[in-house]
Amino acid sequence: MTSPESTSPAKRESRNFIQQIIDNDRSSGRVTSEIITRFPPEPNGYPHIGHAKAICLNFSLADEYQGRCHLRFDDTNPETEDMEYVRAMKRDINWLGFDWGVHEYYASDYFEQLYQLAVRLIQTNNAFIDSQTGEEIRTNRGTVTVAGANSPYRERSIDENLALFAAMRAGEFPDGAHVLRAKIDMASPNMLMRDPVLYRIKHAEHYRTGNDWPIYPLYDFAHPLSDAIEGITHSLCTLEFDVHRPLYDWLVEALFPTPRPHQYESARLNLDFTVTSKRKLLQLVKERHVDGWDDPRMPTISGMRRRGYTAESLRRFCDMIGVAKADNRVDMAMLEFAVRDDLNTRAPRVMCVIEPLKIVLTNVPAGSVEELEASYWPHDIPKEGSRVVPFTREIYIEKSDFMEVPSKNFHRLSPGGEVRLRYGYIIRCDQVVKDSHGEITELLCSVDLDTKSGDTSSRKVKGTVHWVSASHGVPVEVRLYDRLFNVADPDDVAEGQSFLSHLNPESVTIMQAVIEPAAAAQDALDRYQFERQGFFFLDPNELEKRNRVWNRTITLRDTWEKPKTPEMAPVQKKDSTPETPQMVRDPLEGLGPEAILRAEWLDRTYELGMDDAALLATRPHLSAFFEEASKSAPSISVANWIINELRPMLPSDGIDGFPFSAAQFAAFVQLQASNTLSGRQAKEVLIEMVASGESAAEIVDRLGLKQISDESELLAMVHEVLNAHPDRVEAYKGGKTGLIGFFMGQVMAKSSGAANPSTVKSLLEKELE
RNA sequence: UGCCCUAUAGCUCAAUUGGCAGAGCGUCGGAUUCUGGUUCCGGAGGUUCUAGGUUCGACUCCUAGUAGGGCAACCA
């Protein structure tokens, strides 16, 4: 600790809250085995970007800790599930680049085991067969504000329950006749704990177990127990399952020994301009608003793959957005960045004109074909390879690269203007040819033959455009995709409206383009950047039908002439709504008459202030302790220490008693009030007192604690700290006075918290003059 | 109206657990460029939801509020 370098350790890589939990579990010994996570989809739909987040989370975490991640299909509902979805899920996880190895599981494989666990729950009187109708169960569950009522069948004998459950399993009852319920608490404020249903009768064919089972477990039963069966250590799910956690723990604790799995919840992903609810995606497909689950506009993994997104970019995106518990809505720009960044170094460049405008190069002889060499890669990407581009008298350029009346800053072609043909020559527009309607049909241009590409002495022009030979170019279909919805949050709709009303009618545009021959050849790749246009991917579905159709994966970033939104000028500050002036709150509000009297008395007698007085007045166990301790220590200090420090250390607010007497506590407060201990040391002592019940004096003695107030001793430390950080001293003198906190922290650390802070502060201020 | 979760830059997240409020994306400006791409450099952007309190020091602890989200399927 003496070397100055050691005081500024390399900045630690930031850890999300789940990584922190796992780190803790390992260092505290809660988990001694390897880390085992799981990804548990229900096979009832195609995986989408939200699944991708969960897949990346679970598999990456397992990878990071050299554990493993199971793939488990949560297939306990026979009515919605299908093998098709299992296949899609497995294919997409693999495509994303993750491998579950041999650890492929199905909740349906546990049906027998789960059944036996349910029997055990009945045997231990933790579950019963309820014969109420679904309607009755619902009404008797109560509401969020009123407690439910026990089922009349709740006290059936264990034997009767066992017999009934066996008969259910044997298929002797019709759907809905009985259910198995956990016996927990119909008055619980958590609705999930009001005797939740564990098993229901359902005579339905399951896609894997066929008609073997007339009863099926529910998620709340199957999920935690499947986790326990597989030895999952960390079971991650989305936020809305947080209310299920007590039930998860209840079941696992009732049926499994330690170590048990634990559930942790994080926020689901919301992405701008799209929807991810399974119901809505299904509706888009069924009502043919899109072309199927893998329509390139869909946020499904298969859709994004077909559009040309890469697995790497999706993984990168998931990494970028992180994991937290706050509801979120991720900016599309984040995804687009990840995609472009990956594609930039991955996709060779070719030229394709999407909206052709014919150009006749008047000084190029008809029939001449010059073969121009063109690199597949720009100068800044260290990859090799090139192709030949035919240059002929008639070529196409992009319609938008010509303006008859150029706007300011337009530096492409205009009458009399010049532009460079990429990999070719500089041309000048000599004449604009129009038809009888005044529509431009072609441009007559002349080539400056001294300006061939690669000629370093060649002069420079502002603009460079892509082009394709009219005679050698190949016609090809391209599909340009835009966002599926035209508002950021399609779910945000007025009463009676559907998210469909926000569908973007122009989310796809089909164009007949002309592409350079190299990219249309048999040995051409399936992914290119069309220069100045974007990244394109050969549609795999069309390719199977022997059609070459290019999907635009994403445009290039375009910083030219952004349409400025009208209200751009004054940056809208978020409304801080100071409309309602903060009311001066009465701390006594809501208190009973005797509590008010008591609070007023406490305030008067001890000069506590009404806030603290009210708090103590409503907590008799605290105020008794306070009054007793106040006999031998300053009352305000006692109150502050009780309210701010002691109380949060005690379980259930200290209502179950204190680990020491009020007199002992007073002695402790006195130690600090008399300046024997610094505030920091005092906190340390208090923690020890709560943990061990030792007296403050004993702890102070044992740990050798004593506040350092001696100025010369402190000054030495101050000098040491300042000398160790000349750069920061400089910064401080330059006006960065917030650094006083840094210096304070350094001195406090050096003295192990023993330094008298006010003395240190004044010394520091004096030294830094 | 009960219980639970959440709130830090425009967006998504950090802040070594009480000690310099930072990063990526976006945005704006400049340099480079035969892609208005890329790359490089720089700037702006903060009442850490609010109001009190504890502390030498609070995003972090205490009190009271506010706002958003979740929970009352025999779905997952």
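In what follows, every heavy atom counts, from backbone to side chain, and hydrogens, waters and symmetry copies are set aside. Residue numbering restarts at 1 for every chain, and letters A, B, ... go by the order of the sequence lines.
Only the C1' atoms considered, B:U17 is 49 Å distant from B:U35, to the nearest whole Å. Rounded to whole Å, the P atom of B:A51 lies 28 Å from the corresponding atom of B:G70. As rounded to the nearest Å, B:G53 and B:G46 have C1' atoms that lie 24 Å from one another. A distance of about 31 Å separates the C1' atoms of B:A7 and B:A73, rounded to the whole Å. B:A14 sits 7 Å from B:A23 when the C1' atoms are compared, rounded to a whole Å. Atom name C1', nucleotides B:A72 and B:U54: the rounded distance is 41 Å, in whole Å.
Among the nucleotides B:C62, B:C25, B:A76, the one closest to any side-chain atom of A:Leu218 is B:A76. Of the candidates B:C4, B:C56, B:U35, B:C4 carries the atom nearest the A:Asp242 side chain, counting heavy atoms from C-beta on. When the nucleotides B:C74, B:A7, B:G24 are ranked by their closest atom to the side chain of A:Arg141, B:C74 comes out on top. Taking every side-chain heavy atom of A:Leu239 into account, B:C5 is the closest of B:C5, B:U35, B:U12. Relative to the side chain of A:Arg200, the nucleotides B:C74, B:U35, B:G36 differ in distance, and B:C74 lies closest.
Side-chain contact annotation: A:Gln533 with A:Glu398, donor-acceptor N/O pair under 3.5 Å present. For A:Thr80 and A:Glu42, the side-chain atoms include at least one donor-acceptor pair closer than 3.5 Å.
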Please evaluate residues A:His51 and A:Phe39 with respect to the criterion side chain to side chain contact (heavy atoms under 4.5 Å, CB included), reporting the C-alpha separation (whole Å), side-chain torsions for both, the decisive distance (0.1 Å), and the verdict.
CA-CA 9 Å; A:His51 291 99; A:Phe39 174 63; 4.0 Å; yes
Show your working on side chain to side chain contact (heavy atoms under 4.5 Å, CB included) between A:Asp448 and A:Arg459 and close with a plain yes or no.
CA-CA 10 Å; A:Asp448 180 348; A:Arg459 61 203 174 85; 2.8 Å; yes
Just do the side chain to side chain contact (heavy atoms under 4.5 Å, CB included) check on A:Met320 and A:Phe337 with the steps written out, would you?
CA-CA 10 Å; A:Met320 279 169 72; A:Phe337 168 82; 3.8 Å; yes
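Taking 3.5 Å as the limit, the base of B:G24 and the side chain of A:Arg316 contain no donor-acceptor pair of atoms between them. With hydrogens and angles left out, the side chain of A:Lys462 and the base of B:G36 share no donor-acceptor pair within 3.5 Å.
With A:Trp467 as the aromatic partner, A:Arg420 does not meet the cation-pi criteria of under 6.0 angstrom to the ring centre and within 45 degrees of the ring axis.
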Base contacts versus sugar-phosphate-only contacts with protein, heavy atoms under 4.0 Å: please encode nucleotides 37-43 of chain B as B, S and - from 5' to 3'.
BB-----
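Evaluation of the salt bridge (charged side-chain N to carboxylate O under 4.0 Å, His left out) rule for A:Arg422 yields A:Glu531 as partners, not counting sequence neighbours.
B:U48: glycosidic angle beyond 90° from 0, hence anti.
The interatomic distance linking A:Met191 (CE) with B:A72 (P) rounds to 7 Å, in whole Å.
The shortest distance between the side-chain N/O atoms of A:Gln746 and the OP1/OP2 oxygens of B:G57 is not below 4.0 Å.
As judged by a 4.0 angstrom heavy-atom cut-off over every strand, A:Glu240 is placed among residues touching the sugar-phosphate backbone only.
A 3.5 Å limit on both hydrogen-bonding distances identifies B:U6 as the Watson-Crick or G-U partner of B:A67.
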